Protein chains: 2
Amino acid sequence: MPNTTTATSHDEPLILPMCAVFRRFLKDQGLKFTPERARILDSVLSKPGVFEADALLDEMRRDSRRVSRATIYRTLKHLMEAKIITEVLIDSKQSHYQLSIGREPKGYLVCMETHKIIEVDVPELDAIRERVCRQHGFEPASHRFVIYGVSQDASENSEGTD
Amino acid sequence: MPNTTTATSHDEPLILPMCAVFRRFLKDQGLKFTPERARILDSVLSKPGVFEADALLDEMRRDSRRVSRATIYRTLKHLMEAKIITEVLIDSKQSHYQLSIGREPKGYLVCMETHKIIEVDVPELDAIRERVCRQHGFEPASHRFVIYGVSQDASENSEGTD
DNA sequence: CTTGCTGCAAAAGTTTTGCACACGT
DNA sequence: ACGTGTGCAAAACTTTTGCAGCAAG
């Protein structure tokens with residue numbers, strides 16, 4: 001069973017500060033730092049790439065870190081407000097999220113066969129984004145470039161299919 | 001009531017052939033060309049930009065072109081198979097579609113305030129896509145570049161908000 | 001006529017919400 | 001102690017599906 005993500009290595013030291021960032025955010029909003037929120041943040045920080053709410057719940061339950069589905073969704077919203085994670089649009093049926101440690105995610109390469117998602121760095125996009133926004137009088141906020149294709153592994157493993 | 005799309009002008013003459021394309025596709029698949037399918041294709045062809053299944057249904061009902069929601073979804077699927085429309089991922093909660101008359105849609109500029117979607121042409125993307133796919137051993141199929149931002153109109157109309 | 005199509009309503013899948021109780025601050 | 005948070009289950013919302021009658025080829 002192949003895993004669903006690849007990518008960009010995150011250094012461990014970032015994990016501790018992130019917790020502080022979240023606590024700070026919560027305090028500023030008059031919200032509380034609960035064990036559930038701590039556990040969710042923890043699980044989110046352990047994700048190297050793109051993840052779904054449901055997968056997070058499963059994983060947490062497997063590790064007997066008890067949380068309800070409702071709390072996952074509620075907390076993911078706070079984490080987005082706190083700019084700790086970003087929503088990534090890859091599938092119109094389900095929300096995908098990703099850590100946004102300082103930098104915004106840029107590009108994705110999605111295999112249409114295996115559904116594997118590879119993050120790719122495409123430096124040109126920033127300049128393109130600026131240009132397009134200027135042309136249309138927009139104030140840019142973020143962007144996303146997704147390439148759909150078929151990976152070599154997938155096309156090898158299903159030669160005569162379809 | 002601002003409209004939701006802008007863009008690329010479609011010439012009328014394309015509308016007739018599209019119907020033939022769809023009939024051909026249906027016949028090839030042993031499927032039938034029904035009045036409902038004709039009406040849906042018709043409504044789809046009248047869309048200048050991105051649209052949602054539900055909006056299509058509403059519009060059709062307003063014009064008393066009776067169709068059921070189920071038939072809309074079933075037909076949109078066929079239209080995608082026939083390569084007449086393409087799914088566009090812009091919102092993780094709802095599917096968005098767009099006519100794909102020969103050419104693939106390339107870029108979108110989405111206003112986070114008004115939710116207006118502007119299609120933009122970004123010629124560089126093809127080359128970038130090729131390069132990224134080559135680097136990762138992928139066979140490219142399609143791509144999408146979405147820029148999120150705030151349009152001038154929106155930022156003018158809500159100066160002191162938030 | 002045969003086979004696929006439509007509409008309805010119910011089902012399915014993801015996300016949200018109301019409520020009663022529990023817990024950070 | 002107060003005001004949020006949590007879990008549960010039900011609600012919402014989009015999309016899919018089963019079924020009985022209907023229509024295209």
Side-chain angles (χ1 to χ4, degrees), chain A residues 4 19-20 22-44 50-61 64-82 85-97 115, chain B residues 19-20 22-44 50-61 64-82 85 87-97 115:
Chain A
T4 318
C19 183
F22 194 35
R23 291 182 86 126
R24 170 65 168 279
F25 167 82
L26 291 172
K27 179 160 288 176
D28 286 355
Q29 309 282 309
L31 304 176
K32 291 165 182 171
F33 185 70
T34 64
E36 288 81 3
R37 286 176 181 170
R39 277 184 242 134
I40 293 170
L41 173 59
D42 211 49
S43 300
V44 164
V50 176
F51 61 90
E52 307 123 54
D54 210 58
L56 200 65
L57 181 68
D58 276 4
E59 186 192 282
M60 292 187 68
R61 294 214 159 142
S64 38
R65 306 181 151 282
R66 235 196 134 46
V67 210
S68 68
R69 182 172 274 104
T71 298
I72 294 257
Y73 281 108
R74 287 189 278 232
T75 302
L76 286 176
K77 230 159 234 166
H78 291 314
L79 288 170
M80 284 202 280
E81 288 159 14
I85 62 174
T86 316
E87 194 176 358
V88 179
L89 289 178
I90 274 176
D91 175 9
S92 64
K93 304 297 187 302
Q94 213 178 351
S95 293
H96 288 73
Y97 307 89
H115 300 113
Chain B
C19 182
F22 193 36
R23 292 182 85 126
R24 171 64 169 281
F25 167 82
L26 291 172
K27 180 161 284 176
D28 285 355
Q29 308 282 310
L31 304 176
K32 290 166 183 171
F33 185 71
T34 64
E36 287 81 4
R37 286 177 181 170
R39 275 185 243 135
I40 293 170
L41 173 59
D42 211 47
S43 300
V44 164
V50 176
F51 61 90
E52 308 122 55
D54 210 58
L56 200 66
L57 180 68
D58 275 4
E59 186 192 281
M60 293 188 67
R61 294 215 159 143
S64 37
R65 308 181 150 280
R66 231 193 136 48
V67 211
S68 69
R69 181 172 274 106
T71 298
I72 293 255
Y73 280 107
R74 287 189 277 234
T75 302
L76 286 176
K77 228 159 235 166
H78 290 314
L79 288 170
M80 283 201 281
E81 288 159 14
I85 62 175
E87 194 178 357
V88 180
L89 288 178
I90 275 179
D91 175 9
S92 65
K93 305 294 186 302
Q94 213 177 352
S95 294
H96 288 73
Y97 307 89
H115 300 112

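Protein chains get the first letters and strands the later ones, always in sequence-line order, with residue 1 at the start of each. Source: prediction; values computed, not measured.
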* To do: Using only heavy-atom distances, decide whether a donor-acceptor pair under 3.5 angstrom links the side-chain of A:Lys93 to the base of D:dT14.
  => no
* To do: Ignoring the backbone of A:Thr34, work out which of D:dT6, C:dT25, C:dC8 is nearest its side chain.
  => D:dT6
* Structure fact -> Side-chain atoms of B:Leu31 come closest, of C:dC5, C:dT14, C:dT6, to C:dC5
* So, does B:Arg61 use its side chain to make a donor-acceptor pair with the main chain of B:Val67 at under 3.5 Å? -> yes
* Asked: What is the distance from OH of B:Tyr73 to P of C:dA10, rounded to the nearest Å?
  -> 18 Å
* To do: Round to a whole Å and report the spacing from CD of B:Glu87 to C1' of D:dT14.
  => 12 Å
* Asked: Rounded to the Å, how far apart are B:Ile72 CD1 and C:dC5 P?
  -> 16 Å
* To do: With DNA chain D as reference, determine whether B:Lys27 or B:Asp54 sits nearer its 5' end, using the nearest nucleotide of each.
  => B:Asp54
* Structure fact -> 5'-most contact on DNA chain C (nearest-nucleotide basis), B:Ser92 vs B:Arg69, goes to B:Arg69
* Asked: Rounded to the nearest 0.5 Å, what separation is found between the OH atom of A:Tyr73 and the CG atom of A:Asp54?
  -> 5.5 Å
* Whole angstrom is fine here: how far is it from CZ in B:Arg23 over to P in C:dC5? => 14 Å
* Asked: Can you tell me how far CD of B:Gln94 sits from CD of B:Glu52, rounded to the nearest 0.5 angstrom?
  -> 4.5 Å
* Any donor-acceptor pair under 3.5 Å linking the side chain of A:Arg37 with the backbone of A:Lys32? -> yes
* Closest-nucleotide 5' rank along DNA chain C - winner of B:Gly30 and B:Ala70 -> B:Gly30
* Asked: Backbone N or O of A:Phe33 within a donor-acceptor pair of the A:Arg23 side chain at under 3.5 Å?
  -> no
* Measure from CE on A:Met80 to C1' on C:dT16 and round the result to the nearest Å. => 13 Å
* Structure fact -> B:Lys32 NZ to C:dC1 P, in whole Å, measures 15 Å
* Structure fact -> From CG of B:Leu57 across to C1' of C:dT6 the rounded distance in Å is 14 Å
* To do: Give the rounded distance in Å between these two atoms: CZ of A:Arg74 and C1' of D:dG7.
  => 8 Å
* Kindly point out which of C:dG24, D:dT14, C:dG7 is positioned nearest to the side chain of B:Gln94? => D:dT14
